[in-house]
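In this text the structure is predicted, and so the values were computed from the model without any measurement. All heavy atoms count here, side chains included; hydrogens, waters and symmetry mates do not.
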Amino acid sequence: QAHLSESGGGLVQPGDSLRLSCAQSGHTFSRYAVAWFRRAPGKDYEFVAAIHRTGTDIFYGDSVKGRFTISRDNANKTVYLQMNSLKPEDTARYYCGAKQDSLFAARGRDWGWYDYWGQGTQVTVSS
């Protein structure tokens, strides 16, 4: 079982940057695809970004393309989400999910595909 822990959230101003981290413990990290989703109050989960277990395939949600970058460090069992040019509409609780499977290309953007989740980290963008 994969145990995930997010960190790096906070209160920032529009245009600022943040880097979120998703650390995994309890299993072989390199076997898992990892994704970031977010949920704003009163809204459904929104796909943000996902990275294949090898790092070779990456997907981004349309609202974050060109501003956010997902990466992974398998040696340190961590996936990062670098968020630049933050906007008030990026305000949400950000969650990372993990899945050990070969269907990443077809299912990697699907919240329901992931088996393991962290508790989330809050990102608030406000002036």
Side-chain angles (χ1 to χ4, degrees):
Q1 188 172 5
H3 299 278
L4 304 175
S5 177
E6 302 93 336
S7 62
L11 172 63
V12 296
Q13 294 186 340
D16 285 352
S17 298
L18 276 177
R19 188 176 78 159
L20 305 184
S21 298
C22 172
Q24 187 189 35
S25 62
H27 228 299
T28 305
F29 181 70
S30 61
R31 296 177 182 174
Y32 289 85
V34 177
W36 287 96
F37 287 78
R38 65 188 183 187
R39 191 173 190 182
K43 295 187 177 181
D44 206 349
Y45 286 98
E46 178 187 5
F47 171 71
V48 176
I51 187 166
H52 188 260
R53 58 184 178 85
T54 63
T56 54
D57 290 332
I58 290 175
F59 303 133
Y60 292 101
D62 289 341
S63 63
V64 306
K65 283 180 181 177
R67 299 187 298 123
F68 291 11
T69 302
I70 189 171
S71 61
R72 67 188 298 154
D73 180 347
N74 284 346
N76 288 312
K77 298 184 178 182
T78 303
V79 166
Y80 302 100
L81 184 69
Q82 177 66 44
M83 306 187 297
N84 298 330
S85 302
L86 283 162
K87 304 174 181 180
E89 50 263 45
D90 294 318
T91 295
R93 191 163 186 86
Y94 285 69
Y95 299 88
C96 65
K99 172 76 174 183
Q100 183 177 339
D101 198 83
S102 60
L103 297 177
F104 178 75
R107 300 291 307 279
R109 299 173 182 87
D110 182 0
W111 176 81
W113 184 67
Y114 291 88
D115 293 327
Y116 306 105
W117 293 95
Q119 295 301 307
T121 185
Q122 179 66 34
V123 173
T124 302
V125 185
S126 176
S127 56

If you define the side chain from C-beta out and look only at heavy atoms, does anything of [X] sit under 4.5 Å from [Y]?
| X | Y | value |
| --- | --- | --- |
| T91 | V123 | no |
| R39 | Y94 | no |
| S5 | C22 | no |
| V79 | Y32 | no |

Looking at A92 and A40, what are the two nearest heavy atoms and their distance?
-> CB-N, 3.8 Å
L81 and A49: which non-hydrogen atoms are nearest, and at how many Å?
-> CD1-CB, 4.1 Å
Verify same cluster id: [X], [Y] (apolar side-chain graph, 4.5 Å):
| X | Y | answer |
| --- | --- | --- |
| F37 | V34 | no |
| I70 | F104 | no |
| Y114 | I58 | no |

Partner residues of [X] under the side-chain hydrogen bond (donor to acceptor under 3.5 Å, both in side chains) criterion, sequence neighbours left out:
| X | result |
| --- | --- |
| D62 | K65 |
| T54 | H52, T56 |
| K43 | none |

Can you tell me which residue pairs pass the salt bridge (charged side-chain N to carboxylate O under 4.0 Å, His left out) test with a partner in [range], sequence neighbours excluded?
| range | value |
| --- | --- |
| residues 52-61 | none |
| residues 79-89 | none |
| residues 15-26 | none |
| residues 114-127 | K99-D115 |

Please lay out, stage by stage, how Y95 and L4 fare under the test side-chain contact (heavy atoms from CB on, under 4.5 Å).
-> CA-CA 9 Å; Y95 299 88; L4 304 175; over 6 Å; no
Hey, could you give me each pair passing side chain to side chain donor-acceptor pair (under 3.5 Å) that has a residue in residues 116-127? Not counting sequence neighbours.
-> Q122-T124
In this structure, CG of D73 is separated from CZ of F29 (nearest 0.5 Å) by 8.0 Å
Taking only residues two or more places apart in sequence or in another chain, which ones pass side chain to side chain contact (heavy atoms under 4.5 Å, CB included) with [X]?
| X | result |
| --- | --- |
| S63 | R38, E46 |
| T78 | S21, A23, N76, Y80 |
| S17 | Q82, N84 |

Result for side chain to side chain contact (heavy atoms under 4.5 Å, CB included) between F47 and one of W36, F59, Y60, W111 points to F59
Within the distance-only criterion (no hydrogens, no angle test), does the side chain of R72 pair as donor or acceptor with the backbone N or O of G55 below 3.5 angstrom?
-> no
Among Ile, Leu, Val, Met, Phe, Trp and Tyr joined by side-chain contacts under 4.5 Å, find the other residues sharing a cluster with L11 and list them by chain and number.
-> none
